[in-house]
Amino acid sequence: MATSLVVPLAYISVMITALAIFSRVYRKRRAAEKTSFEPWFPHHPSREVYISLLSSSKDIPDSLLKSALLVRAITDVKRIWRLRDDKTALTQLHQRGLIGDDTMSRFNAAEKELEAEIVDVVSEANTFRQGWGQMIFATATEMAQAEKTRETVMNIPKIKAVEEKRIALRNKYLPGSVPAPLIQQVSASQAQAMAQAAAAGSGSNTASPSTTNTSGKVATPQNVPSPSLVSEETVGGVASTDSSKNGSPALGSGSGSGGNSNASTPSKSTPGKKRKNKK
């Protein structure tokens with residue numbers, strides 16, 4: 001009876017001890033993973049240089065310290081740009097479930113670290129001159145933008161060489177797949193010849209005055225009627241109206257005036273009417 005109770009109790013105690021040890025080790029590993037993840041950005045060399053200059057035992061001029069602090073601010077501005085670009089993409093990927101929570105934890109930790117870095121730079125700038133902390137990041141942004149533009153301009157020949165190699169390789173296996181560039185360099189003599197040809201063509205293509213036709217006659221506009229095409233009825237009507245008012249015969253009335261021509265001519269008395277008058 002005593003033997004039968006000892007075996008189950010020993011089994012239960014061993015299982016409980018093993019589960020407790022496993023839980024403790026698992027929790028320690030999870031905590032270590034959360035706190036020891038890879039940072040979003042590598043080390044900050046400009047900050048290390050500034051701190052080393054600041055803690056140096058030698059007498060460092062303020063101009064050198066200000067320059068080091070400004071370089072540190074430029075690095076922070078570049079990191080702000082990168083975080084701003086990465087945040088939108090990471091948020092969309094995390095919502096779709098394409099990245100895990102550890103990546104978002106790294107990103108959030110990088111944001112908090114950068115906020116602390118900005119506060120530190122502003123406070124250090126105010127130690128050199130009061131109010132410089134409010135302007136140091138504006139100056140750093142302008143310098144970072146100028147450096148970015150300079151790097152882009154300097155990399156144009158490299159990009160051009162890479163693109164030419166890619167196009168040549170593609171045309172080698174797929175002839176005619178890539179069209180020729182639209183902008184081509186021409187020599188000065190070719191440019192001058194093209195300009196002279198264009199000038200000669202423009203001189204020969206100059207149009208004659210639009211008011212003369214091939215027969216040498218003056219052409220009247222099509223939409224404006226000529227004086228000979230004005231309706232005579234309108235003229236006759238206006239003339240008859242004027243004659244009725246003034247008592248004078250209408251001038252220029254044509255055959256198309258109808259009854260108005262009879263009314264405008266002087267009337268002659270017939271012989272019958274004269275005889276009646278004599279009687």
Side-chain angles (χ1 to χ4, degrees), residues 31-96 98-167 181-183 185:
E33 289 178 359
K34 289 182 178 180
T35 56
S36 64
F37 54 80
E38 184 181 358
W40 193 263
F41 294 108
H43 62 283
H44 204 313
S46 56
R47 178 177 60 189
E48 295 174 359
V49 169
Y50 176 75
I51 292 174
S52 62
L53 290 174
L54 196 63
S55 60
S56 178
S57 58
K58 299 180 181 180
D59 189 10
I60 305 297
D62 291 343
S63 59
L64 184 60
L65 292 175
K66 290 179 180 179
S67 300
L69 185 61
L70 192 57
V71 172
R72 180 180 175 183
I74 292 171
T75 306
D76 293 338
V77 168
K78 293 180 179 179
R79 293 190 174 189
I80 290 171
W81 290 347
R82 182 178 173 184
L83 287 179
R84 189 182 302 170
D85 295 338
D86 295 345
K87 187 172 184 179
T88 305
L90 288 175
T91 304
Q92 293 179 358
L93 293 174
H94 183 65
Q95 290 176 356
R96 297 177 183 177
L98 299 177
I99 57 175
D101 295 336
D102 54 346
T103 305
M104 294 302 298
S105 299
R106 289 174 54 202
F107 183 78
N108 294 330
E111 283 186 337
K112 293 180 181 179
E113 182 181 358
L114 188 58
E115 290 177 359
E117 172 69 14
I118 291 171
V119 173
D120 191 12
V121 169
V122 171
S123 61
E124 289 290 335
N126 288 327
T127 57
F128 291 100
R129 189 179 65 188
Q130 191 64 29
W132 190 38
Q134 299 177 357
M135 299 182 296
I136 185 171
F137 277 100
T139 308
T141 302
E142 294 179 359
M143 295 179 67
Q145 191 68 34
E147 184 177 353
K148 184 178 179 180
T149 305
R150 184 171 62 252
E151 290 177 357
T152 304
V153 173
M154 295 298 293
N155 289 331
I156 287 177
K158 297 180 181 179
I159 298 173
K160 182 181 178 181
V162 172
E163 289 297 325
E164 288 178 352
K165 290 181 180 180
R166 183 181 66 83
I167 292 173
L182 298 178
I183 301 175
Q185 295 182 356

| message | Could you go through E164 and K160, starting from their C-alpha distance and side-chain angles, then the distance that decides it, and tell me whether this counts as side chain to side chain contact (heavy atoms under 4.5 Å, CB included)? | response | CA-CA 6 Å; E164 288 178 352; K160 182 181 178 181; 3.2 Å; yes
| Taking atom CD of E111 and atom NZ of K87, what is their separation to the nearest 0.5 Å? | 4.5 Å
| query | What is the distance from atom CG of L69 to atom CG of D62, rounded to the nearest 0.5 Å? | reply | 11.5 Å
| said: Return the CG to CG distance between N108 and D101, rounded to the nearest 0.5 Å. | reply: 10.0 Å
| request: Look at the side chain of T152 and the backbone N and O of K148, then say whether any donor-acceptor pair between them is shorter than 3.5 Å. | output: yes
| task | Could you tell me which residues satisfy ring pair (Phe, Tyr, Trp, His ring centres under 6.0 Å) with F107, sequence neighbours excluded, listed by chain and number? | result | W40
| task | Check W81 against A144 and note the closest heavy-atom contact, atom names and distance. | result | CH2-CB, 3.8 Å
| field | Contact check, side chains of V122 and W132, non-hydrogen atoms, under 4.5 Å | value | no
| query | Taking the side chain as C-beta and beyond, is there a heavy-atom pair between F41 and K78 under 4.5 Å? | reply | no
| Salt-bridged, D102 to R106, with N to O below 4.0 Å? | no
| field | Contact check, side chains of R47 and T75, non-hydrogen atoms, under 4.5 Å | value | no
| What heavy-atom pair brings I99 and L90 nearest, and what distance separates the two atoms? | CD1-O, 3.5 Å
| field | Stepwise side chain to side chain contact (heavy atoms under 4.5 Å, CB included) test for R96 and T91 | value | CA-CA 9 Å; R96 297 177 183 177; T91 304; over 6 Å; no
| Would you call R84 and R79 a side-chain contact if the rule is heavy atoms closer than 4.5 Å? | no
| said: Side chains of Y50 and V71, heavy atoms from C-beta outward: is any pair under 4.5 Å? | reply: no
| Could you walk me through whether R82 and D86 pass the salt bridge (charged side-chain N to carboxylate O under 4.0 Å, His left out) check? | CA-CA 6 Å; R82 182 178 173 184; D86 295 345; 3.6 Å; yes
| query | Do S55 side-chain atoms and I51 backbone N/O form a donor-acceptor pair below 3.5 Å? | reply | yes
| remark: Output for pair (E117 CD, S46 OG), nearest 0.5 Å, gives 7.0 Å
| message | Treating N126 as the side-chain partner and G133 as the backbone partner, does any N or O pair qualify as donor plus acceptor under 3.5 Å? | response | yes
| E115 and K112 ion-paired at < 4.0 Å | no
| remark: When every non-hydrogen atom of V153 is compared with those of P157, the smallest separation belongs to O-CD, 3.9 Å
| message | Just verifying a value: how many Å separate I136 CD1 and T141 OG1, rounded to the nearest 0.5 Å? | response | 10.5 Å
| field | From CA spacing to verdict: side chain to side chain contact (heavy atoms under 4.5 Å, CB included), K66, R129 | value | CA-CA 10 Å; K66 290 179 180 179; R129 189 179 65 188; 5.6 Å; no
| task | Report the C-alpha distance between T139 and I74 in whole Å, list the side-chain angles of each, state the deciding distance to 0.1 Å, and finish with yes or no for side chain to side chain contact (heavy atoms under 4.5 Å, CB included). | result | CA-CA 9 Å; T139 308; I74 292 171; over 6 Å; no
| Side-chain heavy atoms of I156 within contact of I159, under 4.5 Å | no
| Taking every non-hydrogen atom, the tightest pair across S123 and D120 | OG-O, 2.7 Å
| Crowded around Q134 CD? As in, over 12 foreign heavy atoms under 6.0 Å? | no
| Which distance, rounded to the nearest 0.5 Å, do you find between the CE of M154 and the OG1 of T149? | 13.5 Å
| query | Side chain of N155, backbone of E151: donor and acceptor closer than 3.5 Å? | reply | yes
| Are L54 and E124 close enough that some pair of their side-chain heavy atoms sits under 4.5 Å apart? | yes
